[in-house]
Amino acid sequence: VDGPPQKHIVCVGKDEDQDELDGEAGGEADWSDWKRPAPAGGLPPPKRPAKLQTLVFASKLDDDDEKLGDVKRLLGEYVQQGTNHGKKTFLKQGSEDEDADDPSVWLYYWDGRDGHESSGWWLGRSVGGSEVYAWASQHSSVPASRGWRVPYKGLVRHDVTLLPKAHDEEAHLAEKERLAKGKDLVKTIETQIDKALQTAASVLNVEGDVFEEGVRAVNELLQTRVREVEEAAASLSRHVRAAKRQDATQRTEAELHLLEERLDVAKGKLTEELNRSQEALDKMDQEQAEEQGAKAIEEALPTAMEMVTQAELAADAAEDAAAADAARQLLKDAVQQVKKTLDAARNFAPEARRIAQSEFSQLQARCESAGQRLDQQGVDAPGIDPTNSKNGNSSADLVAAVGTADDEEVGSQEGEIMMALAVEAPEDGDSVGSAVGDDDDLAAQLAGDDDDDGPAGGESEAASRLLLAAATGQRKRPPDEDAWATSVAG
């Protein structure tokens, strides 16, 4: 239709003169080459009507089985009714009436123009519509015979098939012929299963290490054979139903049922070996996961140990505030490194997880101990209580980071008493020894006697700290010491 006009071709009435035709064509033409010989009888042969394909959507479950669920409304015959995206479409018989209680069901193909998750064969209310009932992700030229998900977001239903109506099992067969087909089918499947089991035994029964690739290949082979057994069982089940419809003898039906039992036994052996191959694969995956966990521990442990050791050395050697702050930072970094590995170990395989928790928990405990030793040394900047977690610089913060609780109440009491002290350098040449001797009565007055009504144990600890301050020459003696001590004790 897009080409240039063909001037030598004309369409005229049958009784027009040949000369007129030659004139309209622009000159004489040899029409003998263009005339088609008339068919015998004077009429062209009638065209044979194209045979429409019919498919049967069926399930091996009984019609009254509750497991059918949404599949039940889809069961039936689907007749070819056009094309979509280059492939045939089919309409379920009996669902043409839109006003019927059972709406129409179309079988059609949708290509990948809307993405992979939308491509494949579909069963839905209309071709390309939003209301869909089932989906098969295959991209075959004919509708998928198996692999249907019902509903379309659900799991694959292995009990349903979509097969041509003229399938062998559905055809009318003599009893002997049907029984012979069933026996041949079972014999073929049993032979294939025996070969698959021999192959599996040759791989799985080897002593020592087994190659993972070989086990995976065996596992895939056995899975394929299981699917073939299921398909054979479905075929045999159709033979049984067809035999009943054709009023077969009880003997024929009994023999068909015996063939079904043989398939069940063969499938049992196959499934047992398939489970064994799967267990071998799971064991290999477990060993691989253990190796990965062990490798991660091997890479992280030396670094964490080095960081913890350096932090311990810094904490033990700290003699001034700057060194104490540096030690606390090292401890904080070490704790973070240890916690990072412990968090990652939660996803390790069981044995690797146990080893990681054991090794790194010990490192965590070492960090906690080093933090406590650093606090006990009392090395801090002037006016800062190393045991008070509120000041933000004490090693108690580090202890909290590794999971230990602070005693904030005691720390707060000590901080208040230390703030009450006038911390200054000694004056007028007061010696340390004289300061200790002169402060005996003051310490006793602050500490009190256990049998008296004096201060309690917490204040005794405060008195000891006061005595330490006097002994190190950090307190200036007040003029009225007795009155001052009484006010502090109060």
Side-chain angles (χ1 to χ4, degrees), residues 55-78 87 89-90 92 95 102-112 114-164 167 189 193 196 216-238 241 260 263-264 266-282 285:
L55 303 177
V56 178
F57 195 87
S59 172
K60 65 180 181 181
L61 301 177
D62 294 332
D63 294 340
D64 57 349
D65 196 321
E66 295 180 356
K67 295 181 181 180
L68 274 178
D70 295 335
V71 173
K72 191 170 184 178
R73 66 179 300 182
L74 305 177
L75 299 178
E77 297 182 0
Y78 290 77
K87 301 183 189 297
T89 58
F90 301 81
K92 184 174 181 290
S95 65
D102 188 14
S104 61
V105 181
W106 283 86
L107 168 63
Y108 62 93
Y109 176 79
W110 198 264
D111 60 22
D114 294 329
H116 177 73
E117 65 277 5
S118 299
S119 62
W121 288 95
W122 292 87
L123 285 168
R125 178 83 178 260
S126 60
V127 176
S130 59
E131 185 177 348
V132 292
Y133 313 125
W135 173 53
S137 59
Q138 289 89 330
H139 300 275
S140 53
S141 58
V142 295
S145 60
R146 291 172 178 82
W148 286 93
R149 298 176 183 270
V150 185
Y152 73 97
K153 287 186 177 180
L155 300 176
V156 173
R157 293 289 299 258
H158 298 288
D159 59 300
V160 298
T161 57
L162 182 64
L163 300 173
H167 205 275
I189 291 297
I193 290 177
R216 293 196 182 279
V218 165
N219 186 265
E220 293 176 0
L221 173 63
L222 295 176
Q223 288 182 4
T224 301
R225 292 293 176 263
V226 167
R227 288 193 295 267
E228 291 175 353
V229 171
E230 292 175 348
E231 292 175 358
S235 175
L236 198 57
S237 178
R238 288 191 291 272
R241 291 197 296 269
E260 288 183 313
L263 280 183
D264 289 339
K267 183 180 178 181
K269 295 179 180 179
L270 196 61
T271 303
E272 182 179 355
E273 200 70 4
L274 177 61
N275 292 337
R276 196 159 73 98
S277 68
Q278 189 62 50
E279 291 175 359
L281 282 179
D282 293 341
D285 293 340

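All values below were derived from every heavy atom in this structure, side-chain atoms included, with hydrogens, water molecules and symmetry-related copies excluded. What you see is a predicted model; the values in this text were computed from it and never measured.
With sequence neighbours excluded, no residue forms a side chain to side chain donor-acceptor pair (under 3.5 Å) with Ser126. Not counting sequence neighbours, the partners of Glu131 by the side-chain contact (heavy atoms from CB on, under 4.5 Å) test are Arg125, Tyr133.
Within the model, atoms CG of Leu270 and CZ of Arg227 stand 11.0 Å from one another, a figure rounded to the nearest 0.5 Å. From Gln278, atom CD reaches atom CG of Asp282 across 4.5 Å, with rounding to the nearest 0.5 Å. Rounding to the nearest 0.5 Å places CZ of Phe90 at 14.5 Å from OH of Tyr108. Ser277 contributes atom OG, which lies 10.5 Å from atom CZ of Arg216 (distance to the nearest 0.5 angstrom).
Residue Ser119 comes nearest to His116 through the heavy atom pair OG-O, 2.9 Å, listed as atom of the first residue, atom of the second, then distance. For Val229 against Leu263, the heavy-atom pair with the smallest separation is CG1-O, 4.1 Å. Between Ile189 and Ala232, the shortest heavy-atom contact is CG1-CB, 3.7 Å. The two residues Gln138 and Tyr109 come nearest to each other via the heavy atoms O-CE1, 4.2 Å. When all heavy atoms of Trp110 and Ser118 are compared, the pair lying nearest together is CD1-O, 3.6 Å. Here the closest non-hydrogen pair linking Ala134 and Leu74 is CB-CD1, 4.0 Å.
Using a 4.5 Å heavy-atom cutoff, the side chains of Phe57 and Leu123 are in contact. Residues Leu162 and Trp121 are not in side-chain contact: their nearest non-hydrogen atoms beyond the backbone lie 4.5 Å or more apart. Within the 4.5 Å cutoff, the side chain of Leu107 has no heavy atoms near those of the Lys92 side chain.
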**Study point:** Stepwise side-chain contact (heavy atoms from CB on, under 4.5 Å) test for Val105 and Tyr78
**Key:** CA-CA 9 Å; Val105 181; Tyr78 290 77; 3.5 Å; yes

Exercise for review: Begin from the C-alpha positions of Glu279 and Asn275 and carry the test side-chain hydrogen bond (donor to acceptor under 3.5 Å, both in side chains) through to its verdict.
Suggested key: CA-CA 6 Å; Glu279 291 175 359; Asn275 292 337; over 6 Å; no

Practice item. Please report the C-alpha distance between Ser59 and Val160 in whole Å, then the side-chain angles of each, then the deciding distance to 0.1 Å, and finally whether the side-chain contact (heavy atoms from CB on, under 4.5 Å) criterion is met. Key: CA-CA 4 Å; Ser59 172; Val160 298; 4.0 Å; yes

Check: residues 150-158 side-chain donor-acceptor pairs under 3.5 Å, at least two apart:
from: Arg157; atom 1: NE; to: Asp159; atom 2: OD1; distance (Å): 2.9
from: Arg157; atom 1: NH2; to: Lys67; atom 2: O; distance (Å): 3.0
from: Arg157; atom 1: NH2; to: Asp159; atom 2: OD1; distance (Å): 3.4
from: Arg157; atom 1: NH2; to: Asp159; atom 2: OD2; distance (Å): 3.1

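Under the 3.5 Å distance criterion, the side-chain polar atoms of Thr224 are matched with a main-chain donor or acceptor of Glu220.
Looking at Glu273 and Arg276, a side-chain N of the basic residue comes within less than 4.0 Å of a carboxylate O on the acidic one, giving a salt bridge. Ion pairing between Arg225 and Glu228 holds under the 4.0 Å rule for side-chain N and carboxylate O.
The 12-atom threshold is not exceeded at CD of Glu272, counting heavy atoms of other residues, nucleotides or ligands nearer than 6.0 Å.
Among the candidates Thr89, Leu55, Leu163, the single residue satisfying the side chain to side chain contact (heavy atoms under 4.5 Å, CB included) test with Pro143 is Leu55.
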